[in-house]
Amino acid sequence: PIAIIGLSCLFPGAPNLERFWRNIVEGVDAIGEVPAGRWDPSFYDPESSALDRFYCKRGGFVDEHASFDPLPFGVMPKAAEAIEPDQLLTLKLGFDVLRDAGYESRPFARERTGVIIARGNYVTAGGLRLQQHVRVLPQVLQSLTDLFPDLPESTLAIVRERLQQQLSYYGPDVISGAIPNFVASRLANRLDLRGPAYTVDAACASALLAIEQACASLARRETDAMLVGGVHLSHDLTFWATFCQLGALSRTGTIRPLSQDADGILIGEGIGLAMLKRLDDAIADGDRIYAVIEGSGSSSDGRSSSLVAPSATGQLLALEKAWGQAGISREDIGLVEAHGTGTILGDPIEADA
């Protein structure tokens, strides 16, 4: 069994673990409309099916709590402007989870402590800014040249400079901030953790897969402690376009998991981290234990009706794998947490499984 000995998080309406738990207990709805500045209101058009128009404008956002002071974390302010927000905020929460577990100043085997972060490789803020420098800016200049062949080079130079001024700085000293795996590498670097450090991407199952991988590493005794969790801060326009084209977002702006009135998902963002140890080690070391992971399992659906359609058979396979590890009976379970996407396709299949 694997013990959870530390937790930290940043979620909509919750800048920390205490507030997040209070929101759950008090039934707080942290869903709201897209904050001003995220994207222009003109993108919202519930009557349009165009790629750059969205029929939904509600979700879970962390804007009011997403603060980061770079200097205490060894990041230069100029670099912080170009680094992916998920790298910086995960770094901040990494220190928080270590503190919550009681190891901020207490010695532990850093060479046997690893990091696994779940991060969907969607187009993100830093990556988009880099694309603007490398692709969009030259395309704009080329379009101007094509449309106005008599435009002097001096005018094009002024346009280039004007556009560059509107973009964040990019150079060799900050380019690592756009590399997806560095969300885990940066955490290992600043916390001086020398075990494995990498990211995983399994769409909606990413964080669960990260937990499973961390538990397996601990069970094989390759590591003695693992920092593990998930980050999703990808509320970019391309992300909204993808889910609107799929028809997956709720047109009513309300998610209704496992309900016959469900009409789609709402996108949330946030970060959640946990520190894991083998249960015997946690007890021997006097760690505070939040909960114990008795078993875990994962599976794919194989060949099903479509690439995005879930399968009860595939989901049951994952459950059977997890039960095979757990030393408890199914009758002992008091709560089952489902994916509960609020989609007419997914929820009935999950309920069947």
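Being a predicted model, the structure only gives us computed values, none of them experimental.
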| Can you list the steps and then say if Thr343 with Ile265 is a side-chain contact (heavy atoms from CB on, under 4.5 Å)? | CA-CA 7 Å; Thr343 60; Ile265 68 173; 3.7 Å; yes

| task | Dump the intermediate steps for side-chain contact (heavy atoms from CB on, under 4.5 Å) on Asp285 and Arg106, then the final yes or no. | result | CA-CA 11 Å; Asp285 293 339; Arg106 181 180 167 191; 3.7 Å; yes

| Verdict with supporting geometry, Val115 and Val228, side-chain contact (heavy atoms from CB on, under 4.5 Å) | CA-CA 6 Å; Val115 180; Val228 62; over 6 Å; no

| request: Apply side-chain contact (heavy atoms from CB on, under 4.5 Å) to the pair Leu227 and Leu193, showing each step before the final yes or no. | output: CA-CA 9 Å; Leu227 264 63; Leu193 307 178; 4.0 Å; yes

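Annotation: Glu26, atom CD; neighbour count of heavy atoms from other residues, nucleotides and ligands within 6.0 Å is above 12.
In this structure, a donor-acceptor pair under 3.5 Å is absent between the side chains of Ser8 and Asp100. Side-chain atoms of Asp146 and Ser143 form no donor-acceptor pair, as typed in the model, at a separation below 3.5 Å. The closest side-chain donor-acceptor pair between Arg256 and Thr252 falls under 3.5 angstrom. Using modelled atom types and a 3.5 Å distance limit, the side chains of Ser185 and Asn181 yield a donor-acceptor pair.
Within the 6.0 Å centre-distance limit, the rings of Phe239 and His232 are counted as a close aromatic pair. Centroid-to-centroid, the aromatic rings of Phe54 and Phe243 stay 6.0 Å apart or farther. For Tyr44 and Trp39, the ring centers sit 6.0 Å or farther from each other.
Taking CZ of Phe73 as the reference point, atom CE of Met76 lies at 15.5 Å (rounded to 0.5 Å).
Contact check on Arg58 versus Glu33 returns no salt bridge, with no Lys/Arg side-chain nitrogen under 4.0 Å from an Asp/Glu carboxylate oxygen. A salt bridge links Arg194 with Asp192: the distance from a Lys NZ or Arg NE/NH1/NH2 to an Asp or Glu carboxylate oxygen falls below 4.0 Å.
Between Gln132 and Leu137, every side-chain heavy-atom pair lies at or beyond the 4.5 Å cut-off.
A salt bridge (Lys or Arg N to Asp or Glu O under 4.0 Å) with Asp224 holds for exactly one of Arg112, Lys277, Arg110; it is Arg112.
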